[in-house]
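Each chain gets a letter, A, B and so on, in the order its sequence line appears, and its residues count up from 1. All values derive from a computational prediction rather than experimental measurement.
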Protein chains: 2
Amino acid sequence: MSEGATTSRAASASATREAIGKAGRRLFNRQGYAGTSVRQIAAAAGADPALVIRYFGSKERLFLETMPVEGRFDHVTNGPLEGLGRRLVASLLTESPELTFSIWRSMLRASDSELVRERLVSAMEEMFIVPLAPRLVGPHAELRARLVAAQISGLLDAVAILADERITEASDEQLIAFYGDSIQTLVDVPADPVGHDLGDPLDEQN
Amino acid sequence: MSEGATTSRAASASATREAIGKAGRRLFNRQGYAGTSVRQIAAAAGADPALVIRYFGSKERLFLETMPVEGRFDHVTNGPLEGLGRRLVASLLTESPELTFSIWRSMLRASDSELVRERLVSAMEEMFIVPLAPRLVGPHAELRARLVAAQISGLLDAVAILADERITEASDEQLIAFYGDSIQTLVDVPADPVGHDLGDPLDEQN
DNA sequence: GTCTATACGTCGATAGAC
DNA sequence: GTCTATCGACGTATAGAC
């Protein structure tokens, strides 16, 4: 039998697949989804463009496979509620932030695709809502957890997409203190629980 | 002379241009930038695809012309600082929110383009930073104003891009209260001014 | 000046030969 | 398992008809 040849061909195949995946990850992170072509990835991997589709099905699915979205904030979301806001921002800004920003930038801009959008939603869910919502005390815990996630999105937008220089150049300490404390208001038990029926200027205690 | 003919041709030209612009605006808002083709716009306007380029220069510039980004929050950013956070969120959620969300969605996803990104940045600057920064009291006023803008981005992401159903289905009152009060933390004079070793330790008056 | 016809180069994806 | 050839669609450009 020609087992030797078969094995070596299979080995070469999986090696090619891996090379394509690696090149895809690098190029997607550097130039985004739309800015990267299948032909470019193939060239960088030393492979034929048709193999990119053959191994991964589509450019879209290759993209999803190259975007790692594990839970990178467990140690914060599982920690004490006191000061959690600040620690969340600190974790975001100090633990391989460039990779986080790059992934956020690429995925948000590619969220035209339903698959990408769904992945983005489920990633936020896993990283923030699931661990945080059941721990929050007070009314509307899940909604508040989701609003915490929204605020994280906002900070990511500012630094990774809009690239606001005034924020980018600010010290981590300042960002952690200001933005973290703002997030903390959603973590803490709300002082005035939304109230009776807003739209009514009855809040004289403010 | 053939002035009559010339005039009618010119009128037809500007009418065609307008039809293209209108079709572009509608399609971009409905399907986003990448999901809309020049040929599609031309067909919807009853014009030739080449005219789209002729009148607007490129698909990118047509897109920018169809995205209105005026200052829609002046009445809030110029109002009293007390309760400004809540009024900002309220304004966002109640004053033609669908249009706001649609524009945000389209522009963020098209921010691969430098021109689009710059427009997005300058729009945020005009709408929030310029009116708000000089009014905030306390240290790091501009940075805090920019972080307010970041939080607005986060809420827009949640409703317009991620389409978080739990947030979308929440009552405006809840969102206004929770998210607005969180934003208010950045508007109010910070209780603990970031601290001691921060480059400018002279703000003891807070 | 206003517009049509046509073409160029590139894209993601596929079929089928080796 | 790999590659060649090719498809239809895209953004864009231009020559030339009215």
Side-chain angles (χ1 to χ4, degrees), chain A residues 1-21 23-24 27-28 31-66 106 109-110 112-116, chain B residues 1-21 23-24 27-28 30-66 106 109-116:
Chain A
M1 322 277 208
S2 53
E3 280 220 348
T6 308
T7 314
S8 93
R9 272 196 211 150
S12 152
S14 65
T16 301
R17 204 197 123 100
E18 203 168 337
I20 291 173
L27 291 173
F28 282 140
Q31 332 179 54
Y33 180 75
T36 305
S37 76
V38 169
R39 288 165 166 84
Q40 222 176 352
I41 295 169
D48 190 274
L51 293 180
V52 177
I53 305 298
R54 176 153 189 88
Y55 287 141
F56 292 90
S58 70
K59 179 188 177 185
E60 191 183 20
R61 283 210 283 276
L62 168 59
F63 177 71
L64 282 175
E65 268 199 48
T66 60
S106 297
R109 285 178 176 161
D112 280 304
S113 149
E114 252 310 284
L115 286 180
V116 173
Chain B
M1 321 285 201
S2 53
E3 279 219 348
T6 309
T7 315
S8 93
R9 272 198 209 149
S12 150
S14 64
T16 301
R17 204 196 122 100
E18 203 168 336
I20 290 174
L27 290 173
F28 282 139
R30 188 179 301 165
Q31 330 179 37
Y33 179 75
T36 305
S37 76
V38 171
R39 288 165 166 84
Q40 224 177 352
I41 295 169
D48 190 274
L51 292 181
V52 177
I53 304 300
R54 178 156 189 85
Y55 287 140
F56 292 91
S58 70
K59 178 188 178 185
E60 191 183 19
R61 284 210 282 276
L62 168 59
F63 177 71
L64 283 175
E65 268 199 47
T66 60
S106 297
R109 285 178 176 162
S111 64
D112 282 305
S113 149
E114 254 308 286
L115 286 180
V116 173

Query raised in the report: How close do B/A110 and B/F63 get, heavy atom to heavy atom, and via which atoms?
Result: CB-CE2, 4.0 Å
**Report entry** Whole angstrom value for the distance that separates P of C/dG12 from CG of A/D112
**Finding:**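 So the CG-P distance, A/D112 to C/dG12, works out to 15 Å.
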Report summary line: Sorted by chain and residue number, the side-chain hydrogen bond (donor to acceptor under 3.5 Å, both in side chains) partners of B/S37 (sequence neighbours excluded) come out as none
Query raised in the report: Over how many whole Å does the gap from A/E18 atom CD to D/dG1 atom P extend?
Result: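 After rounding, the reported distance stands at 16 Å.
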Query raised in the report: Which class fits the ring pair A/F28 and A/Y33: parallel under 30°, tilted 30 to 60°, perpendicular over 60°?
Result: parallel
Requested in this report: To the nearest 0.5 Å, tell me how far B/I41 CD1 sits from B/I20 CD1.
Outcome: 8.5 Å
Query - Protein-to-nucleotide contact annotation, 5' to 3' order, nucleotides 3-15 of chain D [B base; S sugar-phosphate only; - none; under 4.0 Å, heavy atom] - result: SB-----BBBBB-
Query raised in the report: How close or far is atom C1' of C/dA13 from atom CZ of A/R61, stated in whole angstroms?
Result: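 Distance check: A/R61 CZ to C/dA13 C1' gives 12 Å.
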Query - Donor-acceptor pair, side chain of A/K59 and main chain of A/I53, under 3.5 angstrom - result: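 A pair under 3.5 Å: no.
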Report task. To the nearest 0.5 angstrom, please state how far the CZ atom of A/R17 sits from the CG atom of A/L62. Result -> 8.5 Å
Query raised in the report: Do B/S106 side-chain atoms and B/G32 backbone N/O form a donor-acceptor pair below 3.5 Å?
Result: no
Query raised in the report: Backbone N or O of B/P49 within a donor-acceptor pair of the B/R39 side chain at under 3.5 Å?
Result: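 Side chain of B/R39 to backbone of B/P49, a donor-acceptor pair under 3.5 Å: no, none is there.
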Requested in this report: Enter the inter-axis angle for the ends of the helix from C/dG1-D/dC18 to C/dC18-D/dG1 (five pairs per end, rounded to 10°).
Outcome: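 It works out to 10° between the end axes.
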